[in-house]
Amino acid sequence: MSIPEFNEIVEPNDQTEARREHLERLRDLIGNVYPNKYRREVLQDGQVIIPDQKATITNVARFARPIKDKHISELPEGEKPSDEHRDAANAELNQYRIRIAGRLAVPPRVMGKAAFVHLSDGIERLQIYVRKQDAKAVNNDTGETIDEEGTAWELFGLLDHGDFIGVEGFLFVTKTGELSVHVETIQFLSKAMFPMPDKMHGISDPELQRRFRYADLIASSLQVERDDLTTREVFERRAKLISGMRRFLDDNGFIEVETPMLTPKATGAAAKPFKTHHNALGIDLYARIAPELYLKRLTVGGFEKVYELNRNFRNEGLSQKHNPEFTMLEFYAAYMDVNGMMDFAEAMIKESVQKATGGSLQVNYDGRAIDFSKFERLTMKKAIVRHWREENRQLGNEFFEIQWLDSPVQVARLRRFLAYMSVAEVEYVQSANPTRYIIEDAKKIIDEKAMEARIKEAKNIWFSVSDEIQENTSEVFESFEKNVVELFEIVAEEKLIQPIFIIDYPKSISPLSKASPENPNVAERFELFINGMECANGFSELNDPQEQYERLIDQMKEREGGDEEAMVLDEDYIRALAYGMPPAAGIGIGIDRLVMLLTNKHSIRDVILFPHMRPERKEGETVE
RNA sequence: GGUCCGAUAGCUCAGUCGGUAGAGCAAAUGGCUUUUAACCAUUGGGUCGAAGGUUCGAGUCCUUCUCGGAUCACCA
């Protein structure tokens, strides 16, 4: 592996070379081109009224704008304020001496012996006005201003779009009514060697957006026009959602904890882990796939309400909805059951969504309104029936009278029908799941007459099923449960657009969940679906150590049977439960997916600052 | 892994039927002391993702490969 030259990283071309030359000329002019600090502040009558760390461009602009607005109200496009109003505004504004620093958000607009440019702190921008005869430069080696006439103007001429400078001067309003800083001293702070992203389009290639996130974020503050959230705003919204959730949990008596990221056993969820090795201990460790079992150990230990908001790692495929590391909020509350947890989670999500959106419970996702003000609750079977009937109506036939899928015969009938109607049979989509039922796709490839014939045949199959099914055996029952879940995924999942808790999961696929007191085959478990995405998963936690032991042993058997994602037995967890865990409910909430919904993003990589990508490869390098 | 789409100047993109490589922005030089996607004039800037093929001639057609995106299958 060869170490690249600086020039291979900052490749010389006409853009970078021009900037590099400017940097050298600046060095001759003012010395150190990367000084260590700049003191920002706002003064009135020699008194500091906004101190250094608070004197951001955003804060200064928000401080000064109301003063301007007192005299000059919002003007229509192209109209200028009267001299009288402007003089009044300036009389007040001129008394503030300000020192601000930021990045040149636009290329300098030079007009002979004066120039305008906007400085940005990433959020807001403030215009500065530099007049040749009024401005002095700062020597960065001595810290003193350079008295020589024209030095500041020369310095200004060597600035490029994207450079950082600090300026001192006074506030005023221009002829066109824009709040500005009349610059008296100018200090160079840092150079942008690369040209800034396109001011109209930003960075449009999604790969470059993610790979060079810093440049994408710069583009957020430079872009002139935009119709959706900038990248910066996406991540600000993400931060607000997360802080809203933390606040809600803290206010409700939860304590935030951190449990191991590197664990000797990958448990708590059904997933493949990343494996690593600890040299000193001489053991293999797994990046955690879920913090669940650790958090429940803490409820054993007496933390009645705990939460952890952090990363999980799963060594699985990447997709729009899947990143190898993703952020999950998990929390557990003693003495609560699944119903109490749904109430609580709903309240928490509502409040934090409002914090993130600035008050609204409605968001636009992909042209569709998603309404967080109402969370429906529906059993899995009812969801299947509801959405199956919708398909059925589209089909224009009404012979299916499914009740509530409460017998294996009904489930088997529906499943057989779907398998029969599958488009894969006519070899339209070779890779398609054979049980996938896509009516629109089917219509594309078979005409109406053929469709009618198929439906007729399906009808025969439908009624032939009952003879084959032997009810009331445990084997039939287990496959019945699995079929229900499968049907749910095929028929209903993608149609669950508005927030909905799906309840009554089969116990067999919920090894950490308690059974319902009403039905021993049903787990007290829910999943929250929004826009067809699973966003949360919770249940009444199983706290009987003996039963938990047996359920995990069953999982181990499935693992031996080839299910790589079945859970493994964690002996210490069983021991912990044996110390006694109070009845409790828990939930895991996929933060990235919620953020996607709140920011109208279709890819999880757009809501993760640095998503995992293939490494950059230079020409000539080969794949290993 | 399958299918579809894409890769042209530093950036965003055009490029007709196969016939001299284009625009805007950015850059360089000059002008302009209240502009704001500043403006005016001039100039430079290209291995058209890579390799091979067809052709008198390829950015354009064909084959293979690389990278990326979308989508399907697995998964939260």
Side-chain angles (χ1 to χ4, degrees), chain A residues 11-19 21-22 78 80 86 105-118 125 127-135 153 160-162 172-178 180 182 193-211 215 219 222-225 269-272 289-290 312 314-324 326-328 424 428-434 436 438 441 489 527-529 533-537 564-565 588-593 602-605 613-623:
Chain A
E11 224 171 289
N13 56 45
D14 64 333
Q15 314 284 312
T16 55
E17 284 301 286
R19 286 161 182 263
E21 194 199 321
H22 291 165
K80 293 176 180 174
R86 211 156 59 78
V106 291
R109 295 184 293 275
V110 181
M111 300 153 300
K113 295 184 179 65
F116 285 98
V117 70
H118 283 87
R125 45 177 81 184
Q127 180 169 261
I128 64 167
Y129 173 63
V130 181
R131 197 154 65 164
K132 185 177 179 181
Q133 71 198 48
D134 295 342
W153 193 243
D160 291 298
H161 185 193
F172 76 111
V173 174
T174 64
K175 277 183 183 169
T176 52
E178 180 165 346
S180 307
H182 191 119
M193 299 286 279
F194 283 115
M196 292 295 103
D198 189 288
K199 66 185 166 208
M200 298 309 290
H201 308 92
I203 295 178
S204 57
D205 183 335
E207 186 202 348
L208 301 181
Q209 283 178 358
R210 296 161 188 164
R211 217 181 265 293
L222 303 185
Q223 227 167 315
V224 177
E225 284 171 16
K272 291 181 222 162
I289 55 175
N312 289 342
R314 299 191 184 174
N315 202 349
E316 285 161 359
L318 284 77
S319 84
Q320 278 183 300
K321 293 180 197 160
H322 301 90
N323 195 60
F326 62 101
T327 299
M328 179 107 99
Y428 174 60
V429 185
Q430 283 181 332
S431 65
N433 179 337
R436 195 170 178 81
I438 310 166
D441 283 349
E489 285 170 4
E527 290 193 1
L528 171 64
F529 287 88
M533 272 196 298
E534 188 198 324
C535 291
N537 179 4
E564 281 184 70
E565 288 170 359
I589 300 175
I591 299 297
D592 310 283
R593 291 181 175 184
H602 298 91
S603 173
I604 195 168
R605 293 163 160 213
M613 309 184 68
R614 280 198 178 79
E616 277 184 87
R617 203 173 299 128
K618 295 207 183 63
E619 216 175 302
E621 281 182 45
T622 49
V623 196

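Below, chain A is the first sequence line, B the second, and so on; all start at residue 1.
Considering only side-chain atoms of Glu207(A), the nucleotide from A38(B), G69(B), G68(B) that sits closest is G68(B). Picking from G68(B), C11(B), A26(B) the nucleotide with the shortest atom distance to the side chain of Asp205(A) gives G68(B).
As rounded to whole Å, 13 Å separates atom C1' of C75(B) from atom CD of Glu527(A). Protein atom CG of Asp198(A) is 9 Å distant from nucleotide atom P of C13(B), rounded to whole Å. Atoms CZ (Arg211(A)) and P (C67(B)) sit 11 Å apart, rounded to a whole Å.
Under a 3.5 Å cut-off, the side chain of Arg605(A) and the backbone N or O of Asn323(A) do not form any donor-acceptor pair. Judged by distance alone, with hydrogens and angles left aside, the side-chain atoms of Thr16(A) form a donor-acceptor pair with the main-chain N or O of Glu11(A) at under 3.5 Å.
Note on Ala18(A): only backbone sugar-phosphate atoms sit closer than 4.0 angstrom, heavy atoms only; bases stay farther off. Using a 4.0 Å heavy-atom criterion, one finds that Ala269(A) contacts no nucleic acid atom at all. Counting any heavy atom pair closer than 4.0 Å across all strands shown, Asn323(A) reaches a base atom.
With sequence neighbours excluded, the residues that form a side chain to side chain donor-acceptor pair (under 3.5 Å) with Asp198(A) are His201(A). Scored by the ring-ring contact (aromatic ring centres under 6.0 Å, His included) test, Tyr129(A) finds Phe116(A), Phe172(A), His182(A) as partners (sequence neighbours excluded). By the side chain to side chain contact (heavy atoms under 4.5 Å, CB included) test, Glu527(A) pairs with Tyr505(A), Arg525(A), Phe529(A), Glu534(A), Asn537(A), sequence neighbours left out. The side chain to side chain donor-acceptor pair (under 3.5 Å) test applied to His161(A) returns no partner, not counting sequence neighbours.
If you find the closest nucleotide of RNA chain B to Cys535(A) and to Asn13(A), the one lying nearer the 5' end belongs to Asn13(A).
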Show me the protein contacts with nucleotides 33-35 of chain B, counting only N or O atoms at under 3.5 Å.
residue, atom, partner, partner atom, Å
U33(B), OP2, Lys113(A), N, 3.4
U33(B), N3, Gln133(A), OE1, 3.0
U33(B), O4, Gln133(A), OE1, 2.4
U34(B), O2, Lys175(A), N, 2.7
U35(B), O2, Arg109(A), NE, 3.0
U35(B), O2, Arg109(A), NH2, 2.9
U35(B), O2, Gln127(A), OE1, 3.3
U35(B), N3, Gln127(A), OE1, 2.9
U35(B), N3, Gln127(A), NE2, 3.0
U35(B), O4, Gln127(A), NE2, 2.8
U35(B), O4, Thr174(A), OG1, 2.7
U35(B), O4, Thr176(A), OG1, 3.3

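Across all strands shown, U63(B) pairs with A51(B); the Watson-Crick or G-U wobble distances both stay below 3.5 Å.
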Sugar-phosphate or base contact per nucleotide [nucleotides 39-45 of chain B; S, B, -; heavy atom under 4.0 Å]: -----B-
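Of all heavy-atom pairs between His118(A) and Gln127(A), the closest is CE1-OE1, 3.4 Å.
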